Amino acid sequence: MDRRKFFKKTTRFAVALGWYFSGASVFKYNQLSAAHKSIEFLAKDPNKILNLHKALRYKTISTHREKMSDGFQVPHMPDGMACFPSDNNKVVLVINHELGKKSKIEDSPFLNKKIKDKHQSFNLYDKKAYGGTINLVYNEKTKKVESQFLSLSGTLTNCAGGTTPWGTWLTCEETTLGTSHGMSKPHGYVFEVKPTEKKGIQKAIPIKSMGRFSHEAVAFDSATGDAFLTEDRSKSLIYRFIPDKTGDLSAGKLFALSIEGHPQDTRNWKNKFYLKGVRYKVKWVPLKDVDSRDDSLRKKGAKKGASFFARGEGIASDGSSIYITCTSGGPKKKGQIWRYTPGPTKYSADDIIELWQEMDMEQTLDMPDNITFAPWGDVIVCEDNSKTNRLWGLRPNGTPYLIAQNSYSGAEFAGACFSPSGKTLFVNLQQNGMTLAIEGDWNALRA
């Protein structure tokens, strides 16, 4: 969308019933840094859910234990998600629910209703696992949820994921538990979900060619159709999946990123091997036996020279580069954001990566997790730390501005994504079990 048109449209919204809007109760947030002179303002929320920039307003559109359109309940722990266009002012959110082995039945979709339909039961990947996704149909014009229903089930610890170039959602399992841990099937895979408005549980088919490991998120290179994947471990790899056939993920080759001529450890925990803004040459190490039964894929890659990162989590593409958050990177373990840029030709030898941001100040980002891009090109970052979690914007030069803060529950922000129109930012407060829709004057926010 044209930037001027986007700002013109977003400033025309009226306050709708049920939206919590900033009022006179505004407090100044701490100055972000010496280089960032502006002071951001947040409004205290009388409902004690979300302190939000005074130019914005939010509405809760989905909450754990609400009865859904299919009779099941909204599962707990919403995490990664994406927004897809539909007809007549509607969008479809596909929302992960990060339910693991220790999750209880009351966290699952099944407290209010059991699966009686044999077809739906057959579609479950593992009947001992409660994780999966729901599809939520939202009307941007009326500001109402038209339906929400279970779309994938029987998976485990569905953390983040990513959208495909052909308009589906890839949901990722952040675990490698299997039959030796009491599960019916091995976990640690990627699954594809269609953003349909039609109710029903889709068949859960693991994409084994994309590897079995503690998956976090996926982003695609629009030029090549290759997928890039992160792994949430303190000593994790960054992966590249090259499909044999564009648009078909069922077969392909998996690689791990290696920074040539430099130490394998990019984390900068004890030794600052990597400097901000320096461009490092990348090569891709081929991996074999990617359906690893013993959770050894990252160790095999490291033995071949692959670089390891500090908890690779969020990953997103702006069309020319791919941005990757490493949640515990840097000397203070407050996080890093890396930027990978492919060479000018397909599978070029000129691929480079640079340390775009490294957090080292108390007033700025603290443990960045999920990321997405705003319609105007800025990076939107969700925090996940044990203190106070916030939602940030980062301009192309890295200058941060504050969008929202959870001052009340300690829940992390997750799954931030904009609607195709650019009007609405959707985000989850994970431990609250809430999905929120945020609207307002985005131009004033950035100014």
Side-chain angles (χ1 to χ4, degrees), residues 22 26-43 45 49-56 58 79-81 160 217 276 311 313-316 318 323-330 332-339 355-418 422 424-430 436 438-447:
S22 300
V26 178
F27 65 92
K28 291 183 179 180
Y29 192 71
N30 291 333
Q31 192 172 8
L32 298 175
S33 70
H36 182 47
K37 300 295 184 181
S38 66
I39 300 175
E40 301 292 352
F41 291 84
L42 298 181
D45 183 3
I49 294 173
L50 183 68
N51 289 346
L52 189 61
H53 190 282
K54 63 182 180 179
L56 305 176
Y58 79 88
D79 203 322
M81 65 178 171
K276 183 179 173 180
R311 293 187 60 196
E313 295 209 70
I315 185 167
D318 67 357
Y323 291 70
I324 304 160
T325 62
C326 291
T327 299
S328 59
K332 294 189 176 182
K333 297 187 178 182
K334 291 170 63 68
Q336 300 168 321
I337 302 179
W338 293 81
R339 178 166 60 190
L355 181 57
W356 186 58
Q357 295 292 321
E358 189 166 72
M359 319 315 166
D360 58 2
M361 297 182 65
E362 293 302 324
Q363 290 81 17
T364 190
L365 280 77
D366 185 3
M367 305 191 78
D369 193 337
N370 291 177
I371 58 171
T372 190
F373 278 92
W376 55 89
D378 290 354
V379 181
I380 307 299
V381 184
C382 299
E383 283 186 333
D384 176 15
N385 59 63
S386 59
K387 299 176 184 178
T388 301
N389 286 306
R390 299 160 293 186
L391 186 65
W392 294 89
L394 290 176
R395 296 182 175 90
N397 65 1
T399 303
Y401 54 91
L402 196 60
I403 300 171
Q405 178 172 299
N406 177 7
S407 303
Y408 305 102
S409 68
E412 69 179 88
F413 288 92
C417 59
F418 277 87
T424 312
L425 171 63
F426 298 98
V427 71
N428 295 314
L429 285 175
Q430 187 182 60
L436 310 178
I438 300 173
E439 287 187 355
D441 183 355
W442 297 107
N443 191 30
L445 171 76
R446 295 189 69 244

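The structure displayed is predicted, hence computed values, not measured ones.
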Check whether any side-chain heavy atom of [X] lies under 4.5 Å from a side-chain heavy atom of [Y], and answer yes or no.
X    : Y    : answer
F373 : V379 : yes
M367 : K387 : no
E358 : K276 : no
N428 : D79  : no
M359 : D366 : no

- Query: Can you name the nearest heavy-atom pair linking N370 to G80, along with the distance?
  - Reply: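 Between these two residues, the closest heavy atoms are OD1-CA, 4.1 Å.
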With rounding to the nearest 0.5 Å, note down the distance linking [atom1] in [X] to [atom2] in [Y].
X    : Y    : atom1 : atom2 : value
T364 : L394 : OG1   : CG    : 7.0 Å
D369 : C326 : CG    : SG    : 11.0 Å
L42  : I403 : CG    : CD1   : 10.0 Å
F413 : N389 : CZ    : CG    : 7.0 Å
W442 : L425 : CH2   : CG    : 4.5 Å
L365 : T327 : CG    : OG1   : 11.0 Å

- Message: I'd like to know whether D45 forms a side chain to side chain donor-acceptor pair (under 3.5 Å) with Y408, so could you lay out the CA-CA distance, the side-chain angles of the two residues, the decisive distance to 0.1 Å, and finally the verdict.
- Response: CA-CA 10 Å; D45 183 3; Y408 305 102; 5.8 Å; no
- Task: Flag the pair F418 / W376 as yes when their ring centroid distance falls below 6.0 Å, and as no otherwise.
- Result: yes
